[in-house]
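Below: the structure, in structure tokens.
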Number of protein chains: 2
Amino acid sequence: MIDSNNPIPLHVQISNALVKQIKAGMYKDKIPSERELIEAYTVSRTTVRQAIAKLVNDGILKKVHGKGTFINEGKPIQEWLSNLNSLTETIKNMGMTPSSKLLAAEQINVKDHTIDIFNMDLYRIERLRYADGEPLAIEEHYYPLSVGLKLSSYDLGTETIFDLLENEMGITLAEAEQIISTEDADARVAGLLGIPKGASVLTVERIIADELGNPLEFYRGYYRPDKYVFRVKSKRNGLRGSP
Amino acid sequence: MIDSNNPIPLHVQISNALVKQIKAGMYKDKIPSERELIEAYTVSRTTVRQAIAKLVNDGILKKVHGKGTFINEGKPIQEWLSNLNSLTETIKNMGMTPSSKLLAAEQINVKDHTIDIFNMDLYRIERLRYADGEPLAIEEHYYPLSVGLKLSSYDLGTETIFDLLENEMGITLAEAEQIISTEDADARVAGLLGIPKGASVLTVERIIADELGNPLEFYRGYYRPDKYVFRVKSKRNGLRGSP
DNA sequence: CAGTGGTCTAGACCACTGG
DNA sequence: CAGTGGTCTAGACCACTGG
């Protein structure tokens, strides 16, 4: 189960094992203490603490000094997850009909891009997304070349990219980090979205990574703020721990 | 400077020292390597790595395996949306100094507002917020009259409202639902924030509720997008929503 | 008081980046 | 190759919680 010959770091293996056990309901409220986990997995305290720190940072666990490490009861952020799942799903959930127009699908050489998480040639896919026939967003996706070339063999005007990645290509999307901001629309963005030049557009930059934190996709989205907003539920907690 | 007799943990002292040095422009791009910091502060590698990890988590530093640890240049303040933090806390976490100017503190009669979660007279507090002396955001808070009147007895130009609510008034903030969008700045907002009229501003509307879901506060914020962005981590198939 | 997480030391070997 | 961060060990003492 935990294998020190496995190239996956021990602390990641332990994190994953703990998550599996929590999901299986193996612990009611509290996970075993650090000393107990040291015994159970025959690792050092540093390794156990690193595994736990990751889950605390993810909001799954909560540590209380002198008491123990507890499972965080909480509600999922349903609106946000549906956005992450795919824009197609979100549009459908709102009772509208999604559609897409492929704007670009092309190779980019490593020296022509500045996406510093990828130090390799990339494949770029750009689509204009519609809801009930009205322009809603422009989405740019960047993938490693091998992934992008496989994607390009499908009809990107109609397919959902997440479906292709996960179901056709067997790629596991685990985590996403997103940054939400705004920009003044330039002429091209304004024209495509059907808004005045200089009007505010919502922007999203996103890095999707696999379970080990390796980046799989870089994404940039431009949304019409009159048609699309972000909804997030937050808890007053203070889980701003260091990993 | 770094004092092992100080009750503040060494790694926190080192974090703070690094932030101070970065702000002072002591490093151009890269901070010293972990081995160099071990020498400089006469601590173990664990302690140095703990200090750095905090700043990486806050978005101030970025580690690159085999190369070094780099300063995240000119990145706007990043708020992790999964936690409900006050702007004061967020600014401090980024190693900057928060300040405020009170713009308004006034009673509003029930018939003069349209905030449909409150069917009662309200108290409205509006402040201009600064980070390191630069305008960052305009924040409007609406409270039930009894709460607002108590708040108004404090110096709202210097106090943190969350602190007053939680520590002075014993009010428990549990959950918030936030809507993030963007608007073109009108003349007043542009003037206060020091940006051109019509430029994009990030907007947040927020309802904070107690553990039973009773609304405690309605909030509206206007943020300069060059200085402030929202950050969210999401799980693709996690057992919970966002960390 | 025993048990918990928080901090910290002083090492070790590995994988990665660049010249 | 020398230098970097990534992982990991095997300890130690501290501060906090609860009975």
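What you see is a predicted model; the values in this text were computed from it and never measured.
Between A:Val48 and B:Gly68, the one whose closest nucleotide on DNA chain D sits nearer the 5' end is B:Gly68. Toward the 5' end of DNA chain D, the nearer of the two residues B:Ile52 and A:Thr47, judged by each one's closest nucleotide, is B:Ile52.
Stacking of the aromatic ring of A:His65 onto the base of D:dA15 is found: the ring centres lie under 5.5 Å apart and the planes are inclined by under 30°.
Side-chain atoms of B:Arg45 and base atoms of D:dT7 include a donor and an acceptor less than 3.5 Å apart.
B:Phe230 has its ring centre no less than 6.0 Å from the ring centre of A:Phe230.
The 12-atom threshold is exceeded at NZ of B:Lys63, counting heavy atoms of other residues, nucleotides or ligands nearer than 6.0 Å.
Distance B:Gln50 CD to D:dG6 P: 15 Å, rounded to the nearest Å. Atom pair B:Asn5:CG and C:dT7:C1' shows a separation of 15 Å (rounding to whole Å applied). For the pair B:Leu10 CG and D:dA15 P, the interatomic distance rounds to 13 Å; values are reported in whole Å.
Contact check, B:Lys67 against C:dC16: no side-chain N or O comes under 4.0 Å of OP1 or OP2. Note on B:Lys63: a side-chain N or O is less than 4.0 Å away from OP1 or OP2 of D:dG6. Phosphate proximity of D:dG5 to B:Thr69: present, with a side-chain N or O under 4.0 Å from OP1 or OP2.
The side chain of A:Arg35 lies closest to C:dT4, out of C:dT4, C:dT9, D:dT7. Residue B:Glu34 has its side chain nearest to D:dG6 when only C:dG5, D:dG6, D:dT7 are considered. Of all nucleotides listed (D:dG5, C:dT4, C:dA10), D:dG5 comes nearest to the side chain of B:Ser33. With distances taken from any side-chain atom of B:Arg49 to the nucleotides D:dT7, C:dT9, D:dT4, the minimum falls on D:dT7.
Nucleotide C:dG3 forms a Watson-Crick or G-U wobble pair with D:dC16, both donor-acceptor distances falling under 3.5 Å.
Between A:Glu183 and A:Arg220, none of the side-chain N atoms (NZ, or NE/NH1/NH2) sits under 4.0 Å from a carboxylate O, so this pair counts as no salt bridge.
Note: A:Tyr143 and A:His141 have parallel aromatic rings, judged against thresholds of 30 and 60 degrees for the angle between ring planes.
By the 4.5 Å heavy-atom criterion applied to side chains, B:Leu37 and B:Ile52 are counted as neighbours.
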